[in-house]
Amino acid sequence: AMAPTEEEAHKRMVRLSSSLELPYPICAVAPMVGQCDLPFRELTRRHAATLVYSEMLKAEDFAESDRYRRDAFGALGVVDSGPLLVQFCTRSPAAFAAACREAERLGARAA
């Protein structure tokens, strides 16, 4: 079999999970604490990022605070324009689960 042309390769999709499929090649932006806020994520998307991680968010605050969620996800409180994988820190499984539910409700693709 012949290798795909560059154009064909760029049309290929890669399934990462049952709910997340991205165009090949995947251009992922690694998270940086205090740097992967909404304006930074929007900037990286304009420069071809297909998958972006959030900065590390506190699960308890994310689950309980509208303001914290707005700070993380922008004024509308929803995920930005493309697949976003959200990271949470916590020692509490219940807080993690609650934060994941909130992130999913707002459109995050994975936590």
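Model, not experiment: these values are computed from the prediction. If you read the sequence from its start, that first residue is 1, and numbering goes on from there.
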Inset, instruction - Quick one: do T90 and E60 satisfy side-chain hydrogen bond (donor to acceptor under 3.5 Å, both in side chains)? Show the steps, please. - result: CA-CA 7 Å; T90 185; E60 289 84 357; 2.6 Å; yes
Inset, instruction - Using a cut-off of 6.0 Å, state whether more than 12 heavy atoms not belonging to R15 lie near its atom CZ. - result: yes
Inset, instruction - For R109 and E21, work out which heavy atoms get closest and say how close. - result: NH2-N, 4.3 Å
Legend entry - Over 12 non-hydrogen atoms of neighbours within 6.0 angstrom of CD in E104: no
Legend entry - Ion pair check, R105 and E102, cut-off under 4.0 Å: yes
Inset, instruction - Without swapping roles, check the side chain of Y68 against the backbone of K58 for a donor-acceptor pair under 3.5 Å. - result: yes
Inset, instruction - Could you grab the distance from atom CZ of R69 to atom CG of D61, nearest 0.5 Å is fine? - result: 10.5 Å
Inset, instruction - Output, in order, the C-alpha distance, side-chain angles, deciding distance and verdict of side chain to side chain contact (heavy atoms under 4.5 Å, CB included) for I26 and V14. - result: CA-CA 8 Å; I26 296 170; V14 177; 4.1 Å; yes
Legend entry - Connected via hydrophobic side-chain network under 4.5 Å: L85 and Y24: yes
Inset, instruction - Report the residue from L22, T44, T50 that forms a side-chain contact (heavy atoms from CB on, under 4.5 Å) with C27. - result: T50
Legend entry - From CA spacing to verdict: side chain to side chain contact (heavy atoms under 4.5 Å, CB included), Y53, V86: CA-CA 6 Å; Y53 292 80; V86 182; over 6 Å; no
Legend entry - For A103 against F88, the heavy-atom pair lying closest together: CB-CZ, 4.0 Å
Inset, instruction - Give a yes or no on whether the ring-centroid distance for F62 and F96 is below 6.0 angstrom. - result: no
Inset, instruction - Measure the OG-CG distance between S54 and L84 for me, rounded to the nearest 0.5 Å. - result: 5.5 Å
Legend entry - Nearest atoms (heavy-atom pairs only) where A63 meets A99: CB-N, 3.8 Å
Legend entry - Nearest heavy-atom neighbours spanning A59 and A95: CB-O, 3.8 Å
